[in-house]
Amino acid sequence: MSDPSPTDPVAEAFEAQRDRLRAVAHRMLGSHADAEDVVQEAWLRLSRQDTATIHNFAGWLTTVVGRISLDVLRSRQAHPEASYDDRLPELVVTVDDGPAPEDDVALADSVGLALLVVLESLGPAERLAFVLHDLFAVPFDEIGQILGRSADAAKMLASRARRKVRGTERPAVVGREQREVVQAFLAAARRGDFEGLLRVLDPEVRLTVDTPDGVVVTLGATEVAAGAKLSAGAAVRGRAVLVNGLPGIVSWREDGAPLSVVAFTVADGRITGIAIVIDPARLASMDLPDPV
């Protein structure tokens, strides 16, 4: 069956849920295209289901969307080198002038985008537990059923995820500790200090690099530190910025061409996520500050 027919009562009920289901999938996957695919797959599964057996229509659809999204996340993790469309949200870069942002309202608009960047640092099960419970109020027993775990295990996953995303409610207010952690990382990278890098990286840190050939993902502190040590020193000039409200840096080559935009997610004194754009085409399309 294709798209739902507006004259079908089941289709009408599905359409009433579509926006919410799309929002769930988008928070899970960080991709509008993938979210649309997940919602379409949910419709196809509904069309094959005896709806008389569904006692909680919204809950059933949420469960289906959650399971499909979880499969997509696990597939990404199993093949981290694979790229996919619209994987990272649009990056909004603003100059980091210090701990007191000049325009709280404008910066607050980037909270949703910042959260999507932060969620990239979570494992599939953590991300599902956090998104469904904290953002969409799905009970832990239902989340546990999706994950094949107990409600208590689902609660622990959400709690662990919550610690990693702590501070994202006001991401533009980058505190001194976050800046110090990022500066320690950059200094260790410039020195080639492998142990220094490991001290500021979370063991489960996730590095996402947007390259001309697609998105490349690296998982784990050892692997990320090794890459940072090898790639340090390419930039001639750099400037501290906020990237979707997260602490970051823009780097330029000697000829003034942008080299990279980097956003750091910091939780409990360690870097849990790094998102980097090095694709020249994407860098050229971004509104970047001038070099200093």
Side-chain angles (χ1 to χ4, degrees), residues 88 91-101 107 110 114-123 126 160-210 216-253 258-278 283 288-289 291-292:
L88 291 177
L91 300 182
V92 179
V93 179
T94 54
V95 175
D96 184 3
D97 290 324
L107 291 171
S110 69
L115 183 57
L116 286 175
V117 175
V118 174
L119 291 178
E120 290 297 327
S121 68
L122 305 180
E126 288 178 334
R160 190 165 66 194
R162 201 174 297 119
R163 288 196 298 271
K164 290 184 179 181
V165 301
R166 187 177 299 153
T168 58
E169 290 304 317
R170 297 194 334 179
V173 185
V174 179
R176 179 184 303 172
E177 180 187 14
Q178 290 175 291
R179 288 187 176 86
E180 289 176 350
V181 171
V182 170
Q183 289 304 316
F185 172 86
L186 296 173
R190 284 192 293 268
R191 294 194 307 267
D193 181 0
F194 189 76
E195 294 301 322
L197 289 166
L198 291 180
R199 280 195 293 271
V200 295
L201 290 172
D202 184 90
E204 299 179 6
V205 62
R206 180 186 183 96
L207 168 66
T208 304
V209 185
D210 190 345
V216 178
V217 177
T218 303
L219 304 172
T222 302
E223 291 76 12
V224 171
K229 182 179 175 183
L230 290 172
S231 63
V236 173
R237 287 178 287 179
R239 182 171 187 175
V241 294
L242 297 174
V243 184
N244 290 357
L246 298 173
I249 186 168
V250 178
S251 299
W252 291 267
R253 301 181 188 277
L259 175 68
S260 65
V261 172
V262 187
F264 298 89
T265 302
V266 180
D268 296 330
R270 288 195 171 188
I271 295 170
T272 59
I274 307 174
I276 304 178
V277 177
I278 62 173
L283 290 170
L288 300 177
V292 291

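For the numbers below, each heavy atom of this structure counts, side chains included, while hydrogens, waters and symmetry mates do not. None of these values were measured; they are calculated from a predicted model.
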Grab the two heavy atoms, one from [X] and one from [Y], that are nearest each other, plus how far apart they are.
{"X": "Leu283", "Y": "Pro258", "answer": "CD1-O, 3.7 Å"}
{"X": "Leu219", "Y": "Glu223", "answer": "O-OE1, 3.1 Å"}
{"X": "Val241", "Y": "Pro289", "answer": "CG1-CG, 3.9 Å"}
{"X": "Leu201", "Y": "Ala221", "answer": "CD1-O, 3.7 Å"}
{"X": "Ala263", "Y": "Val243", "answer": "CB-CB, 3.7 Å"}
{"X": "Arg163", "Y": "Ala267", "answer": "O-CB, 3.5 Å"}

message: Do Leu186 and Gln183 have side chains that approach each other closer than 4.5 Å (heavy atoms only, starting at C-beta)?
response: yes
task: Measure the shortest side-chain to side-chain distance between Asp193 and Arg199 over non-hydrogen atoms and say whether it is less than 4.5 angstrom.
output: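 Yes, at least one pair of side-chain atoms sits under 4.5 Å.
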message: Going by side-chain contact (heavy atoms from CB on, under 4.5 Å), Val224 matches just one of Ile271, Leu207, Leu198, Leu197. Which one?
response: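 Considering Ile271, Leu207, Leu198, Leu197, a side-chain contact (heavy atoms from CB on, under 4.5 Å) with Val224 is found only for Leu207.
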message: Rounded at 0.5 Å granularity, tell me how far CZ in Arg239 sits from CG in Leu288.
response: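 Going from CZ on Arg239 over to CG on Leu288, the span is 10.5 Å.
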Euclidean distance, Phe264 CZ relative to Ile274 CD1, rounded to 0.5 Å: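 Between atom CD1 of Ile274 and atom CZ of Phe264 there are 5.5 Å.
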